[in-house]
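Quick note on labels: first sequence line is chain A, next is B, and so on, each numbered from 1. Heavy atoms only: backbone and side chains are in, while hydrogens, waters and symmetry mates are out. All values reported here derive from a predicted model rather than from experimental measurement.
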Amino acid sequence: MDVIKQMLTGKLVEGYMPMQMLFELGSFALLFIGAFYFLGKNGIKVNKLAQATGLFVFSILYFTYRIYPPIPFSVRAIYATMTLIGIFMWVSSTEESWKDFRKPIIAVADANTAITKMIRTVVVVLLPFLVGFMGYNSMKPNVDEPIELRTVHPAPPASTKVHGKTFVLQTASSPYRVDDAGKYSDTIQKTHIDGNPWDEKAPPYLQYVREGGQIFFQNCHFCHGDNLNGRGMFAFAFNPIPANFTDPGTIAQLQETFVFWRVSKGGIGLPREGFPWASVMPPWEQHLTVDEIWKVILFEYWHTGYYPRTWD
Amino acid sequence: MAEQTGQISKGAKIGMAVASLILATAYFTFLDYALMNIQGLDYFYLFRK
Amino acid sequence: MATLNKQAQKKIWAFFALGTFVGLLLMPLFLSLPVGASGGAPAPAASTAPPAAQPADAKPVEKSRDIWYKTEGPVIGAPAPKTTDGPKDYPRYNFESRVLLWVANQQHLYYGSFVLAVPIFCMVVEYLGIITKDKALARKYDQLAYDFVKISLTAYSLTAILGGILVFTYLTLYPTFFGYLASIFRPVMHTYALLFVAESGTLYIYYYGWDKMREGFLKWVHVSMSVILNVIGTVLMMLANSWIAFMQSPAGVDADGRYLGNIWHVIHTTLWNPINVHRILGNMAFGGGVVAAYAAYRFLTAKTDEERAHYDWMGYVAMFIGVCFLIPLPFAGYWLMREVYAYRQQMGITLMGGLLAWLFIIQAVMIGALFLTTNYYLWQGLERMRGAERYQKYIKYMVFVLITCFIVWLTPHTMVMTPAELKAMGGQQHPVLGNYGVMSAKNGAINTIITTTVLSFIMYQRGNKVPTVKWAPLGDAFLFGLFTMAYVNIIWLAVYGYYIPANVRVGLSVPQVATTLSCLFIGVTLNSIMMKGAKELGPTVWGQISVRSQYALIMLATAFTWMMGLMGYIRSSVRLFWHVNEIMRDNSPWAFTHTIGFAANMISFNVLFFWMTILFVFWLGSLGVKKAPAAASVGQKVPVPAGSH
């Protein structure tokens, strides 16, 4: 309930933002439709072109200023294009509204009155300038760093060799994701998700989680953060900043063996598509044992509450 | 025949809509459960402790 | 009663004749299977293998393990040759061989899928013509089917020519690789060639026998022949698919690529069936698109109202068939993707999250274009009907739902951004966009889109009709409940997916798809029953439709073509530097993955080339026509699929 209250006061609530954005968009759409309906009922007919322009400008403002952190331009461009297509589909959906939409444009082109004549003149004069401006803008020397298409999760090799042992990524499994009898278990994490790793009599799984946690806070948290959200104290010295494990797009999307490979080999062990230097994580095999790596991964999954991806 | 449609009271219409909503909910819940079950997965995973 | 019996008798005879035909035609396939399995001749590819690989099969009966099925089998074939860059393994012109092969392959595939799809339409439309009681309608259907097959006849010979070009390109530019493939698929390739003869024979009899087999029993035989034609066509395609499936997920050979004597294992690799299903559906959608574009082109150039009415109708029928197969296509694609992941996680990640992920974003755009265009066309179709104005006010809400879903659908997982934007965002992950970027959200979005498309169609079906059945209010209420809860269920499952582990989450897509399909089958069926004998508010005036709708059809077809080229490229290039995945390495200088821009330009070139040549085919088709359609006066009742007449 608290969440809904916060939403109604216009606050973006972390964790609920995706649905909140959809909900807000829906509300605004209904508001638009309702407003024009109401105006129409009261004899004020707003031209379709004006409606469309208003809607488009509004959507641009919404995506640029409402959502925080700011959305990159490439994504906003996609959104604006989609909105534009939607608006076109809407205004041209019936013959009547299409005529209404074209009316002012045709009126300007025909220029039968003094006002439209003036607008036409202005448009005809301005158009070449607009094209010229676009040309200038695209030719202008740019000092921004170039955009790179970074592959965040490059395809892993079929197998990886760590400390002399070969792990086949398709079939290997964590030796510590085990039930009390020491057998690999997919469900053990769920059983102990609220368990207490500091309990002396904790089951083996939770003890491994605790050991993993110790390793994490001795080695990893400087960058990946004490909340595992990629906001460690060194994080902003790097570009890109370290991975945020609490995001559903990182470890939640990956097999445990993939994470094992990434941790062991670090940024320098990335395949070519991950280069150049899209990650500065050290190859942890130089500092940790195989067991320690598996344990720290176990801890990361346990702490974030995500489960490694499995295929069966 | 259109008159016949008109004869049905608003209350009956709402009743039918609610009934079909309930029916559809039951159907989809069953569908979700059954199809997850066939795959050997637990639909109510989150709600079981 | 007597007539009924006669009808039934005719059908029995037709089925009998059909069975015999199919049996005879498929005989070579069954005969070749045991021959291939027992391994007729030893190591045919030995000459192409480099000497270093020879000693491997020196022992008398060596056994080895199947790389995929893990069964033991006698080593029969030679190991996969290890090629080196040079004129021996990769003879070339002063040009990139791979690009030549790409064009040859793509053009053959375009025409191949067109000539496989169109006979299927023919079959359906001809059958509709037979069962339709109205004589005028029956003739109209029959004429349409005949028009279809006429177009496909020219395209058929072009397909064969392009197939020849493709084989020669392989033989001359990739002789070692093709030799290896041929050594493994020897019996399959022969069967393929024989079936091609059977396909040609059947097609010619089918086409030239049209007038002779016009009445009674012979008509049933004729329609049965279209079934045979399609069976052969489908088997042909599946055999060809086995080659590409083998290249991607080899089986039936050992780790050195030596054939182990079981031809079924070689054909039936893990990706074979997903590719088969995906391609059949894709061909149908593509064929529908091409025919619809043809109709749209004729509509736009039409001089009379009759012509406009005919081609409007033809475009509608073709679009309808195409979209029927477009709707299950994403699910087939999802199945294929799942199998790819299950086969090699590495391959799956390369596709979806790695090297080729950007192409998948382009694909998402194209899928978006397809569904948006379909909806748009259906909405425009409401203009044909008097009384459909009632539904036009709902369009804006549907536009909103579709566009919102596309915004989610198109949000990339990895965003293109300048380093400054990256800093402003505080990392790669965004609290909103990050959630839209993963599969759970995408599944929810695409299922909502498809459900909305179904809703658009139901709206179109109802257009000018008012149901007269007694239970109509109950039916309306049920449709309301069904769709409302379907939307709720789809969105709920999408959100739920974020809270549970990945292996359970992946399973959620199945009920999600089932929800969409429930709407499709229950909703459309129920609506069709309700519309039986419905009161019409006004006639459906074919030809009275905006030109925008026809441009939409052309756009639909172009999007199909472009997407086919794109997906084919993705599927093919996911092997990276392998000819046969993990068995035979591509050592030519072109074993790299092209840049996105180059690939997109190549695809566009292929699309343009295809449309130019197919226009020629259409023009050839129009040469033989004396006067276009059987006169269909404006407002005349014409058949519409899916029981809305």
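- Taken to the nearest 0.5 Å, the CE atom of M89(A) stands 7.5 Å off from the OG1 atom of T373(C).
- Interface residue L30(A): only side-chain heavy atoms are found under 4.5 Å from chain C.
- Of residues 380-387 of chain C, those residues with a non-hydrogen atom less than 4.5 Å from any non-hydrogen atom of chain A are, in numerical order, Q380(C), E383(C).
- Counting heavy atoms of neighbouring residues, nucleotides and ligands inside a 6.0 Å radius, atom CZ of F360(C) exceeds 12 of them.
- Interface remark: L433(C) contributes side-chain atoms only to the contact with chain A (heavy atom separation under 4.5 Å).
- With hydrogens and angles ignored, the 3.5 Å screen pairs a side-chain donor or acceptor of Q346(C) with a backbone N or O of P156(A).
- Looking at Y376(C) and S93(A), their side chains never bring a donor and an acceptor atom within 3.5 Å of each other.
- Your options are G26(A), P308(A), S97(A), G230(A), and the one with the most heavy-atom pairs under 4.5 Å with chain C is G26(A).
- Counting non-hydrogen atoms of other residues, nucleotides and ligands closer than 6.0 Å to CZ of F592(C) gives a total above 12.
- Note that OG of S92(A) and CD1 of I395(C) are 9.0 Å apart. Values are rounded to the nearest 0.5 Å.
- Under a cut-off of 6.0 angstrom, the local environment of CZ in F598(C) is crowded, with over 12 non-hydrogen atoms contributed by other residues, nucleotides or ligands.
- Neither the backbone nor the side chain of T81(A) comes within less than 4.5 Å of any heavy atom of chain C.
- With chain C as the partner, the residue from Y68(A), W98(A), F238(A) showing the most heavy-atom pairs under 4.5 Å is W98(A).
- The line from CD of E95(A) to CD1 of I545(C) is 10.0 Å long, rounded to the nearest 0.5 Å.
- When heavy atoms are compared at a cutoff of 4.5 Å, Y377(C) does not approach chain A at all.
- Residue T94(A) is tested with E389(C), K393(C), Q392(C) for a side chain to side chain contact (heavy atoms under 4.5 Å, CB included); the sole match is Q392(C).
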Exercise for the section: Evaluate the criterion side chain to side chain contact (heavy atoms under 4.5 Å, CB included) for residue pair Y307(A) and R505(C); output intermediate values, then yes/no. Expected result: CA-CA 10 Å; Y307(A) 300 85; R505(C) 175 185 346 130; over 6 Å; no
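- We find the CG-CD1 distance between L22(A) and I491(C) to be 8.0 Å, quoted to the nearest 0.5 Å.
- F258(A) touches chain C through its side chain: at least one heavy atom from C-beta onward sits under 4.5 Å away, while N, CA, C and O do not.
- In this structure, the portion of F63(A) lying under 4.5 Å from any heavy atom of chain C is its side chain and not its backbone.
- For the atom pair L410(C) CG and M82(A) CE, the distance stands at 5.5 Å (nearest 0.5 Å).
- Ranked by heavy-atom pairs under 4.5 Å with chain C, the first of N244(A), L25(A), V91(A) is L25(A).
- Using a 4.5 Å cut-off between heavy atoms, P242(A) makes no contact with chain C at all.
- Atom CZ of F23(A) has 12 or fewer neighbouring heavy atoms from other residues, nucleotides or ligands inside a 6.0 Å radius.
- Highest contact tally toward chain A, considering only V432(C), N435(C), I407(C), T411(C), is held by I407(C) [criterion: heavy-atom pairs under 4.5 Å].
- The number of heavy-atom neighbours closer than 6.0 Å to CZ of F32(A), taken from other residues, nucleotides and ligands shown, is above 12.
- P412(C) touches chain A through its side chain: at least one heavy atom from C-beta onward sits under 4.5 Å away, while N, CA, C and O do not.
- Highest contact tally toward chain C, considering only I33(A), I67(A), T257(A), is held by I33(A) [criterion: heavy-atom pairs under 4.5 Å].
- Contacts between residues 396-406 of chain C and chain A, defined by a heavy-atom separation under 4.5 Å, are made by K396(C), Y397(C), V399(C), F400(C), I403(C), T404(C), F406(C).
- Around atom CZ of F88(A), more than 12 heavy atoms belonging to other residues, nucleotides or ligands sit under 6.0 Å away.
- Residue contact with chain A, scored on non-hydrogen atoms closer than 4.5 Å, involves the side chain of V495(C) exclusively.
- A distance of 6.0 Å separates CE of M17(A) from NE2 of H430(C), quoted to the nearest 0.5 Å.
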